[in-house]
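Below you'll find the structure, written out as structure tokens, and then a few comments.
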Amino acid sequence: MCGITGWVSFDRDLTRERETLDAMTQTMACRGPDACGTRIERHAVLGHRRLAVIDLPGGKQPMTVGTPNGEVTLVYSGETYNFVELRHDLVRRGERFETASDTEVVLRGYLRWGEALAERLNGMYAFAIWDAREQKLVMIRDRLGIKPLFYYRTPDGLLFGSEPKAILANPLARRVVDSDGLRESLSYCFTPGHAIWSGMQQVEPATVVTVDAGGLRERTYWRLETRPHTDDVTTTVARVRELLDDTVRRQLVADVPRCVLLSGGLDSGTLTALSAAHLGQERVRTFAVDFMDHAENFKSDDLRDTPDAPYVKDVAAHVGSEHADIVIGPKTLADPEIRRAVIGARDVPMTMGDIDFSLYLLFKEIRQRSTVALSGEAADEIFGGYKHMHVPQIQQAHAFPWIALNIGAFDKDGTGLHPKVWSALELDEYRREAYATALGEVERLDHGDAFDAEDDFEYRMRIMIHLHLTRFMRYLLDRKDRLSMALGLEVRVPFCDHRIVEYVYNAPWALKTYDGREKSLLRGAVKDRLPESVLWRPKSAYPSTQDPYYAEELQRQAKELLSNRGHGVFELMSRDWLNSATGRDSAGMDRLTRLGLERTLDLATWLDLYRPELRLP
């Protein structure tokens with residue numbers, strides 16, 4: 001896993017821009033603590049920071065191969081899980097290799113197949129190739145958007161980077177956030193390709209972006225396609241198990257210590273059990289996050305029925321894992337420096353509060369003992385695991401499901417936002433338009449025969465899954481990538497294997513819930529591998545602290561912010577609301593008030609870190 005960056009200019013001589021390239025590359029040091037490399041040509045400069053995972057001595061980047069017509073150079077971030085098969089294929093076709101890395105497989109695959117290489121890759125990746133033969137840059141991102149890649153167009157070319165901070169280190173990139181950026185930040189729409197910074201975009205998942213002197217072109221090489229699903233329950237469950245076994249096996253390949261993130265739920269339990277089976281005599285390592293005194297003082301809510309700890313122990317004992325609990329105290333969780341580190345890792349003005357902070361602290365501890373971790377991200381989106389997916393009112397709501405729940409600080413009522421800003425941004429209209437656009441991307445199953453077509457309910461559930469896979473999941477994947485890579489930890493997400501996604505996507509909702517519960521297909525596929533307690537445990541969200549100290553500390557920090565009357569955060573947030581929120585009883589603080597305090601502190605921290613120019617409507 002790595003961090004990449006670069007600058008292409010067709011009008012200027014970039015050989016004089018080493019200092020700027022070094023500054024851009026240095027911003028990616030956290031993503032690649034093991035090595036640094038740059039490549040400078042007249043019209044293209046490339047930077048790379050490496051986290052060594054496969055072929056530790058080899059795989060150095062930028063990696064260049066010479067051809068009779070010019071050199072081709074690659075900077076690559078991610079993992080290609082089918083690189084062994086691709087390498088064998090390329091060797092049969094006459095390619096010769098100098099390393100054992102998957103990086104060289106990708107580069108020589110491009111030499112052999114050109115941009116069509118993308119369709120052959122199975123993995124998580126974002127990479128850029130400078131092809132001097134044609135004086136063009138080719139950027140390719142994985143199908144599900146697991147690895148990030150941003151770009152910023154300039155008058156004569158383009159800047160790119162794994163993270164916005166790499167682009168913002170170039171003087172050509174202006175630190176401007178306009179009304180569209182603010183709307184995207186506050187709306188929770190997760191618009192594909194959108195970046196908060198004005199002029200900046202993301203390479204969309206499953207997309208090839210080509211840039212040359214003639215301009216920029218995009219090509220989508222994969223998308224969620226609606227197809228008939230003809231397999232019965234038994235066949236479908238067996239196929240899901242087969243795919244899971246294969247992808248877990250592939251994603252355990254590494255030349256560094258590996259582990260599994262274990263929460264005590266069905267998703268992480270599945271990965272732990274399958275990993276243990278594949279590793280054989282080698283004990284699987286597992287890590288779980290917990291809060292001090294959490295189990296003793298736990299109170300159920302609408303997102304969490306039970307604490308994780310008892311179920312974590314059940315899985316660890318069942319598979320015999322080498323397990324460690326990472327226990328976090330409230331003082332550490334509320335430390336402003338942790339908020340600052342998380343905001344700096346994500347480059348965005350909003351976090352998920354203590355959920356992000358605990359995840360960051362978990363990764364920080366894991367990184368002392370492992371370099372690669374498997375995570376159960378995306379199983380809920382794929383298999384229909386979220387509780388709200390099974391609520392009739394949410395199923396029929398003409399809005400993004402996560403917004404219909406009203407779980408965010410600015411959802412529906414704009415809690416904490418300055419009234420003038422709320423009115424000027426017209427967030428409700430922005431959401432309606434974004435939802436209509438997303439709805440238009442969902443293809444209904446229709447063979448031209450009413451008997452074969454999806455009924456209205458099945459279509460609504462297809463929409464539900466599609467929205468989560470193409471919007472919400474991408475947000476969670478970006479969060480997981482940025483927080484882990486800020487600490488040099490590679491997190492792999494086996495459920496995001498595109499073969500699993502496209503197969504289960506087309507399984508009807510009746511199949512996804514064939515046993516009357518959420519995630520029936522996943523449960524059926526691994527029922528022989530998990531303890532009964534975990535197999536039938538209801539969905540429980542990632543844990544959130546219930547310690548009153550955390551809420552008290554939010555109020556204390558907010559009061560400090562209020563004393564800074566000239567702080568730019570009050571261009572966006574209501575001082576009156578914040579005054580009111582800091583005076584309430586912290587012990588009985590409701591969710592929206594707590595989230596409003598967290599978001600206010602997030603915004604203030606982001607403004608202090610990035611000093612953006614805000615262009616309000």
Any residue meeting side-chain contact (heavy atoms from CB on, under 4.5 Å) with R249, in chain and number order, not counting sequence neighbours
D246, H278
Is D356 salt-bridged to R339, going by a charged N under 4.0 Å from an acidic O?
no
Are more than 12 heavy atoms from other residues, nucleotides or ligands located less than 6.0 Å from atom NZ of K364?
no
Does D456 form a salt bridge (Lys or Arg N to Asp or Glu O under 4.0 Å) with R444? I'd like the steps, not just the answer.
CA-CA 10 Å; D456 289 343; R444 187 168 185 166; 2.8 Å; yes
Identify the residue among V211, V8, L216, L137 that makes a side chain to side chain contact (heavy atoms under 4.5 Å, CB included) with Y151.
L216
For the backbone of R304 and the side chain of D301, can you confirm whether one donor and one acceptor N or O come within less than 3.5 Å of each other?
yes
For Y503, is the NZ or CZ atom of R227 found under 6.0 angstrom from the centre of its six-membered ring and inside 45 degrees of the ring axis?
no
Heavy atoms only: give me the nearest G384-H390 pair and the separation to one decimal.
O-NE2, 2.9 Å
Fit a plane to each ring of H388 and H468, take the angle between them on a 0 to 90° scale, and name the class: parallel (under 30°), tilted (30 to 60°) or perpendicular (over 60°).
parallel
Between K539 and E518, is there a side-chain N and carboxylate O pair less than 4.0 Å apart?
no
Locate the shortest heavy-atom distance separating L261 from S375; write the atom from each residue and the value.
CD1-CB, 3.7 Å
How would you list, by chain and number, every residue that makes a side-chain contact (heavy atoms from CB on, under 4.5 Å) with A399, sequence neighbours excluded?
none
Verify whether one side chain among N122 and R143 offers a donor that lies under 3.5 Å from an acceptor in the other.
no
Side-chain donor-acceptor pair present, E441, T470, cut-off under 3.5 Å:
no
Just wondering, are more than 12 heavy atoms of other shown residues or ligands nearer than 6.0 Å to CZ in R217?
yes
Check: E218 side chain, V208 main-chain N or O, donor-acceptor pair, under 3.5 Å:
no
Going by atom types only, do R594 and S544 share a side-chain donor-acceptor pair under 3.5 Å?
yes
For F190, does its backbone N or O pair with a side-chain atom of E184 as donor and acceptor, under 3.5 Å?
yes
Main chain of L616, side chain of S179: is a donor-acceptor contact present, judged purely on distance under 3.5 Å?
no
